[in-house]
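In what follows, a structure is listed as structure tokens, so that the remarks can point back to it.
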Amino acid sequence: MMNRPVLMESPATPIPDDTVIESKDTIVDPATSLAFPKTLRFQSPHTPPLTLLGVGVRTVSFLSVKVYAVGFYADISGVDFTNLSVDQRIDWLIQNRAVAIRLVPTRNTSFHHLRDAYVRSLHGRLKLARTGSKDALTDAAEADIEDAVQKFKGFFTAADLPKKTPFYFLVAAPDAGARELVLPTLNGKLRHTWTGLELMRAYFQDAAPSPAMKESVFEGIQKL
């Protein structure tokens, strides 16, 4: 059963400096020379330190133009991954812990460009849900998802996102209600479990946006 999407806040000004707290210790993406903090903490909603599990570049076209570097963060406190495969470990974190993406463009871009990419990704995940599950989505469930996607789109302003400026999104840890998807860069919050989880899972699908990050996370999570 789908949770009805609840729009928590509307797009507003860029985030204050203290909304996301980054550690001073960093790891440098070798393809872009962009540094990523080893841990992040979000202030609203409050999270424990989220650990960087992997980082990589996204490239496009046969010329392999570098578009952005991206890192995957998760709350790994007290985890026990005995007898779980790498894929199972990643999905367990996405389902049960706070997880986040930190994306840094290598060139000037726009929030609308990011919006379009994420919406395409969500529609791709929706198509997979229609065809890849033994239990087909009901018309009501699909309508609920499309409603959430439209609300998600509304967070993205027409403003530019300058190169080397971090963009974040967080899927908060489970609580009594639907999972909360948070875009602190745009001051947006949406409670809709499917949208939050599938945005994260898309980074680890077969046609991942950044195969380099996916491989890096696979290597990092094997050490846990």
Side-chain angles (χ1 to χ4, degrees), residues 1-6 8 19-23 27 36-56 70-103 118 121-122 124-126 128-129 132-135 137 141 144-145 148-149 151-152 167-184 188-206 208-210 213-224:
M1 181 176 178
M2 294 293 170
N3 300 107
R4 294 299 300 171
V6 179
M8 303 297 290
T19 300
V20 182
I21 300 174
E22 302 185 341
S23 67
I27 293 175
F36 282 73
K38 289 185 177 180
T39 63
L40 295 176
R41 284 192 297 117
F42 292 81
Q43 297 293 80
S44 179
H46 175 77
T47 70
L50 307 184
T51 299
L52 178 63
L53 292 177
V55 64
V70 59
F72 174 71
Y73 292 79
D75 172 14
I76 59 171
S77 58
V79 297
D80 181 1
F81 285 144
T82 304
N83 299 324
L84 292 185
S85 68
V86 169
D87 287 329
Q88 289 171 331
R89 293 178 185 192
I90 293 170
D91 205 57
W92 187 92
L93 288 172
I94 291 173
Q95 289 192 65
N96 295 283
R97 294 295 180 88
V99 287
I101 288 291
R102 182 181 188 269
L103 182 152
Y118 282 131
S121 178
L122 286 170
R125 300 297 296 176
L126 178 56
L128 183 65
S133 173
K134 63 180 180 180
D135 299 316
L137 288 173
D144 176 77
I145 291 170
V149 171
K151 288 180 168 62
F152 173 76
F167 173 86
Y168 309 86
F169 78 79
L170 164 73
V171 178
D175 57 19
R179 294 290 288 276
E180 187 175 37
L181 169 65
V182 183
L183 302 174
K189 295 181 181 180
L190 176 71
R191 279 196 176 271
H192 192 261
T193 298
W194 187 93
T195 303
L197 298 188
E198 294 307 315
L199 276 174
M200 282 294 175
R201 286 174 173 148
Y203 279 96
F204 302 100
Q205 64 190 3
D206 289 341
S210 172
M213 189 203 77
K214 178 181 174 181
E215 181 178 351
S216 179
V217 172
F218 278 16
E219 292 174 357
I221 208 166
Q222 289 183 69
K223 300 174 184 177
L224 298 180

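This chain uses plain numbering: 1 for the first residue, then up along the sequence. Predicted, not measured: the structure shown is a model, and the values here were computed from it. Because only heavy atoms are used, hydrogens play no part in the values below, and waters and symmetry mates are left out as well, while side chains stay in.
Partners of D91 under the side chain to side chain donor-acceptor pair (under 3.5 Å) rule, at least two apart in sequence or in another chain, are Q95, R201. Annotation: side-chain contact (heavy atoms from CB on, under 4.5 Å) contacts of A208 (sequence neighbours excluded): K214. By the ring pair (Phe, Tyr, Trp, His ring centres under 6.0 Å) test, F218 is found to be paired with no residue, residues two or more places apart in sequence or in another chain being considered.
Judged by distance alone, with hydrogens and angles left aside, the side-chain atoms of T193 form no donor-acceptor pair with the main-chain N or O of A178 at under 3.5 Å. Between the side chain of S216 and the backbone N or O of V55 there is at least one donor-acceptor pair closer than 3.5 Å.
A pairwise comparison of heavy atoms in S44 and V182 identifies O-CG1, 3.9 Å as the closest pair. Scanning both residues, S210 and G56, for their nearest heavy atoms gives OG-C, 3.6 Å. Closest heavy-atom contact between A98 and L50: O-CD2, 3.8 Å. Counting all heavy atoms, side chain and backbone alike, A74 lies closest to V99 at CB-CG1, 3.8 Å. Closest heavy-atom contact between R89 and I221: NH1-O, 3.0 Å. Residues S121 and A202 approach most closely at OG-CB, 3.2 Å, considering heavy atoms.
In this structure, E198 CD and L181 CG are separated by 12.0 Å, a value rounded to the nearest 0.5 Å. Here the straight-line distance linking atom CZ of F72 with atom CG of L103 works out to 14.0 Å at 0.5 Å rounding. We find the CG-CZ distance between L170 and R102 to be 14.5 Å, quoted to the nearest 0.5 Å. Remark: H192 NE2 to R179 CZ distance equals 13.0 Å, nearest 0.5 Å. Once rounded to the nearest 0.5 Å, the distance linking CG of D80 with CH2 of W92 reads 9.0 Å. From R41, atom CZ reaches atom OG1 of T19 across 12.0 Å, with rounding to the nearest 0.5 Å.
You'll find the side chain of F169 reaches within 4.5 Å of the side chain of M200, heavy atoms only. Here the side chains of L199 and V171 are not in contact, with every heavy-atom distance at 4.5 Å or above. Between L53 and I90, every side-chain heavy-atom pair lies at or beyond the 4.5 Å cut-off.
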- [ ] Please step through side-chain contact (heavy atoms from CB on, under 4.5 Å) for the pair Y73 and K38, ending with a clear verdict.
- [x] CA-CA 9 Å; Y73 292 79; K38 289 185 177 180; over 6 Å; no
- [ ] Report the C-alpha distance between F81 and I76 in whole Å, list the side-chain angles of each, state the deciding distance to 0.1 Å, and finish with yes or no for side-chain contact (heavy atoms from CB on, under 4.5 Å).
- [x] CA-CA 10 Å; F81 285 144; I76 59 171; 5.7 Å; no
- [ ] Take D144 and W194 through the test side-chain contact (heavy atoms from CB on, under 4.5 Å) and record every step on the way to the result.
- [x] CA-CA 10 Å; D144 176 77; W194 187 93; over 6 Å; no
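The closest side-chain donor-acceptor pair between D75 and S77 falls under 3.5 angstrom.
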